[in-house]
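Comments concern the structure below.
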Protein chains: 2
Amino acid sequence: MVNVMPLEAMPVSPPAVAAQFALLADPLRLRIVESLAREQLCTCHLIAITGAKQTTISNHLRILREADVVLGEAEGRFTWYRLAPGAFAEGLRRLQGITKPGEATPRLRPACAP
Amino acid sequence: MVNVMPLEAMPVSPPAVAAQFALLADPLRLRIVESLAREQLCTCHLIAITGAKQTTISNHLRILREADVVLGEAEGRFTWYRLAPGAFAEGLRRLQGITKPGEATPRLRPACAP
DNA sequence: CGCTGATATCAAAGTATGCTGATGTGGGGT
DNA sequence: ACCCCACATCAGCATACTTTGATATCAGCG
């Protein structure tokens with residue numbers, strides 16, 4: 001038996017989720033992701049939007065591509081990028097779990113007897 | 001005139017939001033935050049839960065404290081930590097904006113005429 | 001067919017980040 | 001008063017990350 005748990009129910013280990021947040025932890029990469037969430041764009045657009053150098057943009061796009069959160073489709077001389085479906089879904093779920101409680105956090109255990 | 005925009009409506013610049021995601025970008029820090037989202041804990045609990053060294057935990061708690069996402073309350077020899085109210089709220093909003101569309105991303109502009 | 005523009009890749013450099021060991025502090029129990 | 005425990009701080013090290021300039025690729029156009 002390898003794994004009978006449905007994908008959605010399978011817990012994602014902290015390292016994997018942290019890696020998703022790490023993708024959003026850079027200001028420039030965050031702007032790229034937020035831009036691609038609105039519309040498809042090619043590299044040159046992102047260069048114009050962000051004001052960053054071509055090499056820098058290309059680098060971040062590779063990072064996002066290798067993390068499977070953006071998809072690049074070569075079309076002639078251009079490469080159109082868009083957000084991968086379901087990208088950051090797990091990160092969103094975890095963040096909702098963190099923020100949700102809202103109420104005062106309970107103190108469930110006595111001081112220091114792990 | 002200085003600023004008449006209500007706090008909730010004021011846009012948060014990418015660097016500030018990226019900094020929030022950066023707090024969650026480390027696996028250990030993510031575990032700490034998720035633990036504190038459930039219940040108040042003191043340093044020794046987090047040491048036991050995570051298996052990390054005291055110094056490491058203390059370091060991350062200082063980072064989280066200085067970012068105003070956790071609150072520490074000294075009580076005798078112990079320091080009880082809890083998530084600050086409203087912590088990561090802006091990060092959550094931005095992530096919802098990124099994930100929300102769901103549908104296929106439109107291609108709004110022509111190739112490269114910024 | 002050679003040139004230009006869009007983009008990817010690579011190596012170098014500077015900076016930031018996390019972990020660790022040593023050390024300081026301060027409360028509580030004996 | 002003394003000692004132990006919970007916790008914080010600091011400096012050093014190793015590693016990872018971002019940016020940049022140089023260079024390669026590759027499609028379309030004259």
Side-chain angles (χ1 to χ4, degrees), chain A residues 14-16 18-33 35-36 40-67 69-82 107 109-114, chain B residues 14-16 18-33 35-36 40-67 69-82 107 109-114:
Chain A
Q20 265 186 45
F21 288 126
L23 293 173
L24 304 170
D26 181 80
L28 182 52
R29 215 153 47 211
L30 179 59
R31 289 185 62 187
I32 294 177
V33 168
S35 298
L36 292 178
Q40 295 187 37
L41 295 168
C42 40
T43 311
C44 53
H45 292 136
L46 290 166
I47 294 171
I49 292 172
T50 63
K53 310 226 166 189
Q54 180 266 322
T55 282
T56 302
I57 297 292
S58 211
N59 231 326
H60 285 299
L61 285 173
R62 180 180 50 79
I63 292 171
L64 294 170
R65 210 186 318 130
E66 289 176 352
V69 293
V70 307
L71 303 173
E73 183 186 0
E75 185 162 315
R77 288 185 300 173
F78 309 96
T79 308
W80 286 93
Y81 282 98
R82 57 192 160 89
R107 190 179 294 187
R109 47 183 109 186
C112 284
Chain B
Q20 266 188 43
F21 287 126
L23 293 173
L24 303 170
D26 180 81
L28 182 52
R29 217 154 45 211
L30 179 59
R31 288 185 63 189
I32 293 176
V33 168
S35 299
L36 292 178
Q40 293 187 36
L41 294 168
C42 40
T43 312
C44 54
H45 293 134
L46 289 166
I47 294 171
I49 291 172
T50 63
K53 310 225 170 195
Q54 182 266 322
T55 282
T56 303
I57 297 292
S58 209
N59 232 325
H60 283 299
L61 284 173
R62 179 179 52 79
I63 293 171
L64 295 170
R65 209 186 320 131
E66 288 177 351
V69 293
V70 306
L71 302 174
E73 182 186 0
E75 185 161 316
R77 289 186 300 175
F78 308 98
T79 307
W80 286 93
Y81 281 98
R82 60 193 158 85
R107 188 179 296 186
R109 46 183 109 188
C112 286

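Remember, it's a predicted structure, so these values are computed and weren't measured experimentally. Numbered from 1 within each chain, the chains take letters A, B, ... in sequence-line order.
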Given [options], the nucleotide with the shortest approach to the side chain of [X]:
X: B/Thr43; options: D/dG28, D/dC7, C/dG18; value: D/dC7
X: B/Leu28; options: C/dC19, D/dT18, C/dA6; value: C/dC19
X: B/Asp26; options: C/dT20, D/dT19, C/dG18; value: C/dG18
X: A/Thr56; options: D/dT19, C/dG18, C/dT4; value: D/dT19
X: A/Phe78; options: C/dA6, D/dT9, D/dC7; value: C/dA6

[X] [atom1] - [N] [atom2] separation (whole Å):
X: B/His45; N: D/dC5; atom1: NE2; atom2: C1'; result: 14 Å
X: B/Ile57; N: D/dA8; atom1: CD1; atom2: P; result: 11 Å
X: B/Arg62; N: D/dC7; atom1: CZ; atom2: C1'; result: 13 Å
X: B/Lys53; N: C/dA22; atom1: NZ; atom2: C1'; result: 13 Å
X: A/Leu64; N: C/dT7; atom1: CG; atom2: P; result: 16 Å
X: A/Leu61; N: C/dT9; atom1: CG; atom2: C1'; result: 14 Å
X: A/Trp80; N: C/dA6; atom1: CH2; atom2: C1'; result: 13 Å

[Y] backbone acceptor or donor facing [X] side chain under 3.5 Å:
X: B/Arg29; Y: B/Ala22; result: yes
X: B/Arg31; Y: B/Asp26; result: no
X: A/His60; Y: A/Leu30; result: no
X: B/Arg65; Y: B/Tyr81; result: no

- [ ] Check whether any side-chain N or O of B/His60 sits under 4.0 Å from OP1 or OP2 of C/dC19, and answer yes or no.
- [x] yes

Open item on the list: If you assign each of A/Ala52 and B/Arg77 to its closest nucleotide in DNA chain D, which residue comes earlier from the 5' end?
Closed with: B/Arg77

Which part of the nucleic acid does [X] contact within heavy-atom distance under 4.0 Å: base, sugar-phosphate only, or nothing?
X: A/Thr55; result: base
X: A/Thr79; result: sugar-phosphate
X: B/Asn59; result: base

Open item on the list: Parallel, tilted or perpendicular: which one describes the rings of A/His45 and A/Trp80, with boundaries at 30° and 60°?
Closed with: tilted

Open item on the list: If you assign B/Ile63 and B/Gln54 each to the DNA chain C nucleotide with the nearest heavy atom, which residue ends up on the more 5' nucleotide?
Closed with: B/Ile63

